[in-house]
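What follows is one structure encoded as structure tokens, with my remarks underneath.
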Amino acid sequence: MTSKAVRGLNEAMRSLSLSSQTCREMLSHRIPITASSSSISTNFTRSMATEAPLPAWRPATTVPLTIFDFPSCEPKRLESWSVKHLNLPLRRDLLHLAVVFEGDNTRQGTASSKTRWEVRGSGRKIKPQKGLGTARAGDRNSPIRRGGGKVFGPKPRDFGTKMTRKAYDVAWRTALSYRYRRGQLVVCEDGMELPLPAEFETMVQNGELNNKELQDSFISKWTRQILDTNEWGRSHGRSTFITTNYREDLFPALDLVPNYGRAMDTEDVDVKDLLTTGRIIVERSALLDLIERHQSDLVTNVYYVNPALRPTPPQSGNVLVE
Amino acid sequence: MRRIPRLKRPSASGLSISSINPFSSTPQPRSASSPSKPSHLARLYSSDNQPVPRSLAPSPQEQENHVAAQYSLQDTPSHQYHLYKPPPPRSYASPSDEVSDPSYAPATTSAGLETVGDLAGWWDKSEHWSEASDFVGFRPREKVVDSLSIEAAVRRAVIEAFALQQVGKEDILTQVWPVGGVEELRRVIQLDLKSTETGHVSLEGDVAEVARGLQWEASAPEAAQTTPRLDSTELLRLRNAWDISWKRVPLVDPRIKFAVTKRIFQLTGQLVPDHALSDATNVVGLLHIVQKPPKPKTLTEEIQKEGKDLINLPNVTVATKRVTRGDKEQALGRLKLMQEELRKRDLPLEGHGFARKNRELAQLQGGM
């Protein structure tokens with residue numbers, strides 16, 4: 001009897017030890033680490049009776065990203081970026097949460113109305129309580145009278161909601177990843193600026209184009225041509241240009257053609273901006289900056305006595321081809 | 001705000017009354033042969049701190065010419081431009097009391113006076129902004145969508161990339177190559193390209209000549225900006241002569257793959273998206289990506305292209321846009337009668353869609 005109980009306990013313990021394997025351990029079973037065994041595409045994990053080969057699953061850790069010249073759109077080089085930065089799976093729920101969170105926090109919340117105590121006017125009783133044959137009445141600021149106060153009117157308040165920082169950062173990179181997978185993320189070399197024709201600059205310097213409208217119409221036609229040539233313009237659903245800081249020529253030029261695109265610096269960008277127009281045209285350093293500011297779920301802020309043990313965040317921007 | 005220098009009023013003598021207009025009606029003649037940037041260089045623009053591709057950068061001699069032209073411009077303005085034409089300088093007529101002609105009487109009505117118009121739409125006129133001064137990017141002006149032409153461009157790109165590798169000029173593999181003419185295209189795609197099962201690529205023919213054609217020569221004449229095209233019958237004939245194994249040419253070397261996709265983008269305007277690069281392990285995979293027909297923009301286009309059986313159904317009508325009340329009345333022949341009656345009663349004749357849509361939505365999408 002006792003031996004039977006011990007056997008049962010042993011079995012239970014064995015099954016417990018099997019099922020208590022973490023996913024990471026399972027992965028190490030499936031993917032051999034040594035280089036010699038990596039050529040063998042099958043591994044055996046289960047007991048001999050139900051032995052079956054499993055294909056080795058090796059997800060890519062990086063994705064390629066082409067860096068273009070601006071505005072000629074010539075591919076300049078190919079870089080490798082981490083999948084945790086540019087290839088996250090689509091999470092519509094997180095994107096929705098982030099957009100609502102941003103909208104809530106953008107609300108001004110300054111609507112205000114006056115109660116009966118704030119409306120101008122005296123608190124004198126407007127007619128005697130009895131003897132007139134009419135309904136009794138208090139003062140003229142009463143909410144039931146014309147010109148009186150508002151009972152439950154709006155008062156200034158904060159509509160802001162909260163969202164977990166890490167979830168918000170995942171939403172940020174999810175939005176970038178969504179654009180990347182759809183081919184709508186155009187990354188350009190640093191120093192993105194609208195080059196104007198030399199002849200135009202000379203004309204302006206010589207004072208031959210003193211008319212502001214004439215200059216503006218030139219710049220807007222030039223901008224429209226650049227965007228149309230690169231299939232970035234109005235007929236292709238507008239573009240959002242993101243740079244590290246304000247650009248003297250690019251930003252005013254895009255203000256002249258709002259139907260073709262808009263420009264903003266990295267400080268102004270939100271998740272909603274990443275999801276609105278036809279494509280995002282972003283400077284390489286601006287994209288790195290945006291990702292660095294939104295990877296709180298990937299980097300640890302725990303202090304390590306031995307810095308060698310500190311886990312490194314995913315690396316992006318290594319040059320593959322130049 | 002730029003300060004506008006005050007103009008001196010010209011002397012009255014020698015000015016006719018007809019020049020009261022703010023801009024003289026007869027523009028001054030311009031020298032046609034003014035020195036400036038060559039058009040093929042002036043048109044591929046780049047941000048300031050990024051060098052223009054070496055192949056496209058102006059030579060020192062041209063730069064000197066350009067600087068000289070700029071200096072001479074300051075002396076004689078509005079004579080040296082040939083890409084864009086500014087309006088002529090403003091001229092003023094003399095005041096009516098200073099006119100020396102005794103027979104002159106100021107006009108009292110505008111009838112018979114010359115009109116000169118304003119500056120609106122100045123740059124839309126071809127004589128002020130010619131087609132040659134339009135912006136030109138890296139991709140061709142017209143996107144190539146014909147699958148035969150795309151296949152030829154892919155073959156050309158693959159041969160050129162492997163030719164450079166074979167010759168040993170891998171340093172220019174990732175740079176911009178000249179587009180060349182039709183005979184160059186014909187010569188390149190007729191080279192013999194084969195691959196074995198093991199992934200070895202063999203290229204036979206005048207490989208050195210192909211590699212030489214990919215280098216920019218200083219003394220070469222100005223490159224044609226239009227991409228060369230061959231007609232479909234010739235392409236079909238050429239394609240039948242190609243060895244079938246060329247489609248198995250592996251594209252594992254990232255430098256080769258980058259060079260090939262860049263060249264295809266330059267020749268056809270078909271860009272291989274970054275996320276699809278991993279699918280292009282060989283030429284077949286690449287062709288599959290770039291030969292994909294463009295997605296129809298509207299449902300109507302899609303139905304007209306693919307839903308022939310739907311259109312041919314006897315009990316189904318397909319309209320290209322929404323069928324409104326007005327359309328129904330028009331089909332019955334009642335619309336004109338209704339319009340007449342509305343006109344008689346002075347009622348608005350705006351019909352369907354006169355109410356403006358959500359203004360905030362329009363503003364969000366960039367409208368005013």
Side-chain angles (χ1 to χ4, degrees), chain A residues 60 63-66 68-78 87 180-183 185 188-200 202-211 213-214 217-218 221-222 225-226 228-231 234 238 257-262 276-277 320-322, chain B residues 2 4-5 36-37 42 44-50 52-53 66 69-70 73-74 77-78 80-84 86-87 89 119-124 129 133-139 141 143 174 176 254-255 257-259 261-262 265-266 269 271 273-278 364-368:
Chain A
V63 285
L65 184 71
T66 309
F68 291 91
D69 179 68
F70 183 84
S72 72
C73 204
E74 177 206 338
K76 282 287 190 176
R77 61 176 184 275
L78 198 68
N87 204 13
Y180 172 81
R181 274 194 302 276
R182 291 177 67 104
L185 185 72
C188 294
E189 288 189 317
D190 290 351
M192 208 161 78
E193 176 62 301
L194 186 83
L196 292 164
E199 272 198 10
F200 172 74
T202 318
M203 280 179 211
V204 174
Q205 274 172 15
N206 291 350
E208 285 169 75
L209 288 184
N210 283 332
N211 193 320
E213 284 168 25
L214 208 57
S217 62
F218 185 97
K221 181 174 180 184
W222 182 245
Q225 271 193 355
I226 289 178
D228 280 337
T229 309
N230 288 322
E231 299 186 351
R234 186 180 187 180
R238 296 175 85 217
V257 283
N259 278 325
Y260 280 69
R262 58 180 186 157
T276 33
T277 58
L320 284 178
V321 176
E322 193 166 21
Chain B
R2 190 174 293 109
I4 302 170
S36 175
K37 255 169 133 180
L44 190 60
Y45 282 88
S46 180
S47 291
D48 286 343
N49 59 350
Q50 301 161 17
V52 182
H66 190 62
Q70 279 191 338
L73 275 174
Q74 289 170 358
S78 78
Q80 301 295 325
Y81 308 123
H82 76 287
L83 289 174
Y84 311 102
L119 291 174
W122 177 267
W123 300 114
D124 295 335
W129 181 314
S133 39
D134 282 351
F135 172 81
V136 166
F138 181 69
R139 68 174 92 196
R141 285 201 173 177
K143 200 171 185 173
T174 57
V176 186
R255 286 178 68 83
K257 199 197 271 189
F258 180 76
T261 51
K262 182 172 179 172
F265 185 42
Q266 185 190 18
L271 181 64
D274 290 337
H275 63 91
L277 276 177
S278 56
L364 266 178
Q365 290 166 351
M368 293 306 214

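No hydrogens, no waters, no symmetry mates; every other heavy atom, side chains included, goes into these values. We name chains A, B, ... by the order of the sequence lines, and we start the count at 1 in each one.
With a 4.5 Å cut-off on non-hydrogen atoms, A:Arg238 touches chain B through its side chain but not through its backbone. Heavy-atom distances place the backbone of A:Arg77, and not its side chain, under 4.5 Å from chain B. The contact between A:Gln225 and chain B is made by backbone and side chain atoms together, counting heavy-atom distances below 4.5 Å. Neither the backbone nor the side chain of A:Leu320 comes within contact range of chain B; no heavy atoms are under 4.5 Å apart.
Looking only at heavy-atom pairs under 4.5 Å with chain B, the residue among A:Ala60, A:Ser217, A:Pro64 that has the most is A:Pro64. Ranked by heavy-atom pairs under 4.5 Å with chain A, the first of B:Thr261, B:Leu271, B:Asp274 is B:Asp274.
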Report task. Begin with the C-alpha distance, continue with both residues' side-chain angles, and end with the deciding distance and a verdict on side-chain contact (heavy atoms from CB on, under 4.5 Å) for B:Lys262 and A:Glu74. Result -> CA-CA 8 Å; B:Lys262 182 172 179 172; A:Glu74 177 206 338; 2.9 Å; yes
Query raised in the report: Given the rule in the side-chain contact (heavy atoms from CB on, under 4.5 Å) test, do B:Thr174 and A:Val321 qualify, once you have shown the distances and angles that lead to the verdict?
Result: CA-CA 8 Å; B:Thr174 57; A:Val321 176; 3.5 Å; yes
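Applying the ring pair (Phe, Tyr, Trp, His ring centres under 6.0 Å) test to B:Trp129 and every residue at least two apart in sequence or in another chain returns A:Phe218, B:Tyr84. Remark: B:Phe265 pairs with B:Phe138 by the ring pair (Phe, Tyr, Trp, His ring centres under 6.0 Å) rule, at least two apart or across chains.
When the shell of 6.0 Å around CZ of A:Arg234 is examined, it contains 12 or fewer heavy atoms from other residues, nucleotides or ligands.
One finds the CZ atom of B:Arg255 at 11.5 Å from the CG atom of A:Leu78 (value rounded to the nearest 0.5 Å). Annotation: the span from A:Trp222 atom CH2 to B:Asp134 atom CG amounts to 8.0 Å, rounded to 0.5 Å.
Contact annotation: the side chain of A:Glu231 approaches that of B:Lys143 to within less than 4.5 Å [non-hydrogen atoms, C-beta and beyond]. Taking the side chain as every heavy atom from C-beta outward, A:Asp228 and B:Phe135 never approach each other to under 4.5 Å. Taking the side chain as every heavy atom from C-beta outward, B:Phe258 and A:Pro75 approach each other to under 4.5 Å. For the pair A:Lys221/B:Asp124, a side-chain contact is recorded, criterion being any heavy-atom separation below 4.5 Å from C-beta on. Taking the side chain as every heavy atom from C-beta outward, A:Val63 and B:Leu277 never approach each other to under 4.5 Å. The shortest distance between side-chain heavy atoms of A:Leu209 and B:Pro87 falls below 4.5 Å.
Among all heavy-atom pairs drawn from B:Arg139 and A:Cys73, the shortest one is NH2-SG, 4.1 Å. Across B:Trp122 and A:Leu214, no two heavy atoms sit closer than the pair CB-CD1, 3.7 Å.
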